[in-house]
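Each remark here refers to the structure printed beneath this line.
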Amino acid sequence: MTDAAAADNGDRVRLEPGWKARVGDYLKRDDMQALRVFLRERMQKGAHVFPPPAQIFSALDATPFDRVKVVILGQDPYHGFGQAHGLCFSVQHGTAVPPSLQNIYKELQRDLGIAPPSHGCLTHWAEQGVLLLNAVLTVEEGKAGAHQGKGWEGFTDHVVETLNREREHLVFLLWGAYAQAKGKMIDTSKHRVLKAPHPSPLSAHRGFIGCGHFSKTNEYLVRHGMAPIDWRLPAAT
């Protein structure tokens, strides 16, 4: 995106066309303009805002609206330097795999026999139709939740509502109480909603490990005439 604050007037935000047509107008709202000002002021004061401005909307850019098949909802980006790049639970190549993602890999191995990769970049999932969406799209270094309550939640609710209304037969993976609360609007007569505890080390043992969400997702997609997700991740190059 061209604007350093990344939540600029909806006409100026570079966004995948399918998403732009559906959620671009939301970015013109007063609360989104206030968020834009807040982000710009924080950066002017020296705050390290993650992910970098050009990657704030990476989840939408990587998974066009018409290609979404699965939605994984996160809370807010990783707040360590060099971690967040706009996809929930994902980190850039060369960055250590965070504990929650390690547990996701453990469940993948238990569920589908997929050996854990050596990296944490989930772009391959996004490119197949897995929307990796955080509820809050920015954070500050070392300050988890620093941008909660600033306006992002309304925007990402709008994203979820739009998918719920305009699409059919999506799978929503809601891990943890926060994601489950955000997903209450989803019409379970149109979509498959799978719930489990968060994969954090604090809660993964309470039912995330053993949930079988990856195989259940693929079974649902195939049943509705869609290609399953290849959950294997290519080796880092």
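Here, residue 1 is the first one in the sequence, and each next residue gets the next number.
Using a 4.5 Å heavy-atom cutoff, the side chains of Pro116 and Gln109 are in contact. The shortest side-chain heavy-atom distance between Asn134 and Thr156 does not fall under the 4.5 Å cut-off. Annotation: side chain of Asn218 is in contact with side chain of Trp231 (closest heavy-atom distance under 4.5 Å). Counting only heavy atoms from C-beta outward, the side chains of Val91 and Pro98 approach each other to under 4.5 Å. Inter-residue side-chain proximity for Thr162 and Phe65 is flagged as met; some heavy-atom pair is nearer than 4.5 Å. Counting heavy atoms from C-beta outward, Leu173 and Leu73 have side chains that stay 4.5 Å or more apart. No side-chain heavy atom of Phe208 sits under 4.5 Å from any side-chain heavy atom of Ser203.
Annotation for Asp187: atom CG counts as buried by contact number, over 12 foreign heavy atoms lying within 6.0 Å. Atom CZ of Arg165 is surrounded by more than 12 heavy atoms from other residues, nucleotides or ligands within 6.0 Å. More than 12 heavy atoms of other shown residues, nucleotides or ligands fall within 6.0 angstrom of atom NE2 in His205.
Nearest heavy-atom pair, Ala84 versus Phe50, reported as atom, atom and distance to 0.1 Å: CB-CB, 4.2 Å. Minimum interatomic distance between Leu60 and Trp19 (heavy atoms only, all atoms of both residues): O-CD1, 3.1 Å. In plain terms, the two heavy atoms of His198 and Ser200 that are nearest each other are ND1-N, 2.9 Å. Annotation for Ser58 and Gly86: closest pair CB-CA, 4.0 Å, computed over non-hydrogen atoms. The shortest heavy-atom contact between His85 and Thr123 is CE1-OG1, 3.9 Å. Closest approach of Leu131 and Ala59 over heavy atoms only: CD1-O, 3.4 Å.
Listed for the His169 side chain is no donor-acceptor partner under 3.5 Å among the backbone atoms of His191. A donor-acceptor pair under 3.5 Å links the side-chain atoms of Asn103 to the main chain of Pro199, judged by distance alone. Side-chain atoms of Gln128 come within 3.5 Å of backbone atoms of Asp230 as a donor-acceptor pair (strictly under, hydrogens ignored). The closest donor-acceptor contact from the side chain of Glu166 to the backbone of Leu163 lies at 3.5 Å or more, if one exists at all. Proximity of a side-chain donor or acceptor of Arg36 to a complementary backbone N or O of Asp31 within less than 3.5 Å is not detected. Listed for the Gln33 side chain is a donor-acceptor partner under 3.5 Å among the backbone atoms of Leu27. Using modelled atom types, no side-chain atom of Glu107 and backbone atom of Ile209 make a donor-acceptor pair closer than 3.5 Å. A donor-acceptor pair under 3.5 Å links the side-chain atoms of Ser215 to the main chain of Gly212, judged by distance alone. In this structure a side-chain-to-backbone donor-acceptor pair under 3.5 Å is present from Asp111 to Phe214. Side-chain atoms of Thr63 come within 3.5 Å of backbone N or O of Ala126 as a donor-acceptor pair.
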- Message: If you apply the rule ring-ring contact (aromatic ring centres under 6.0 Å, His included), what do you find for Phe38 with His147, and how did you get there?
- Response: CA-CA 9 Å; Phe38 166 76; His147 293 178; 5.0 Å; yes
- Evaluate side-chain contact (heavy atoms from CB on, under 4.5 Å) for Ile72 paired with Leu174, printing each intermediate quantity in order. CA-CA 6 Å; Ile72 298 178; Leu174 307 182; over 6 Å; no
- Message: Evaluate Gln75 against Val136 for side-chain contact (heavy atoms from CB on, under 4.5 Å), listing each step before the verdict.
- Response: CA-CA 6 Å; Gln75 190 162 350; Val136 177; 5.9 Å; no
- Task: Run the numbers on Lys143 and Val139 for side-chain contact (heavy atoms from CB on, under 4.5 Å), then give the verdict.
- Result: CA-CA 7 Å; Lys143 298 180 180 179; Val139 74; 5.6 Å; no
- Task: For Lys216 and Glu219, run salt bridge (Lys or Arg N to Asp or Glu O under 4.0 Å): C-alpha distance rounded to whole Å, both residues' side-chain angles, the deciding distance at 0.1 Å, then the answer.
- Result: CA-CA 5 Å; Lys216 290 175 182 177; Glu219 288 165 5; over 6 Å; no
- Query: Would His119 and Tyr105 satisfy ring-ring contact (aromatic ring centres under 6.0 Å, His included), going step by step from the backbone distance to the final call?
  - Reply: CA-CA 10 Å; His119 63 86; Tyr105 288 167; 7.6 Å; no
- Candidate pair Val70 and Leu170, rule side-chain contact (heavy atoms from CB on, under 4.5 Å), full reasoning: CA-CA 6 Å; Val70 182; Leu170 303 182; over 6 Å; no
- Message: Apply ring-ring contact (aromatic ring centres under 6.0 Å, His included) to residues Phe57 and Phe155 and explain how you reach the verdict.
- Response: CA-CA 11 Å; Phe57 293 104; Phe155 173 73; 5.7 Å; yes
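Asp157 contributes atom CG, which lies 11.5 Å from atom CG of Asn164 (distance to the nearest 0.5 angstrom). In this structure, Leu221 CG and Ile229 CD1 are separated by 5.5 Å, a value rounded to the nearest 0.5 Å. Annotation: the span from Thr188 atom OG1 to Lys190 atom NZ amounts to 11.5 Å, rounded to 0.5 Å. Here the straight-line distance linking atom CD of Glu16 with atom CZ of Arg67 works out to 9.5 Å at 0.5 Å rounding. One distance of note links CG of Leu35 with CG of Leu137; it measures 8.5 Å at 0.5 Å rounding. Separation of atoms CG (Asp66) and CZ (Arg22) is listed at 5.5 Å; rounding is to 0.5 Å.
At least one test fails for Arg192 against the ring of Phe172: distance under 6.0 Å to the centre or angle within 45° of the axis. A cation-pi arrangement is found for Arg29 relative to Tyr26, the charged atom lying closer than 6.0 Å to the ring centre and inside a 45° cone about the ring normal.
Grouping the Ile, Leu, Val, Met, Phe, Trp and Tyr side chains by contacts below 4.5 angstrom, directly or via other members, places Val130 with Tyr78. Residues Tyr178 and Leu133 are members of one and the same hydrophobic cluster, defined by side-chain heavy-atom contacts under 4.5 angstrom among Ile, Leu, Val, Met, Phe, Trp and Tyr. In this structure, Val193 is not a member of the same hydrophobic cluster as Tyr220, with clusters built from ILVMFWY side-chain heavy atoms closer than 4.5 Å.
Between the side chains of His79 and Glu140, not a single donor N or O lies within less than 3.5 Å of an accepting N or O. For Thr138 and Lys150, the side-chain atoms include no donor-acceptor pair closer than 3.5 Å. For the residue pair Trp175 / His213, a side-chain donor-acceptor distance below 3.5 Å is found, with atom types taken as modelled.
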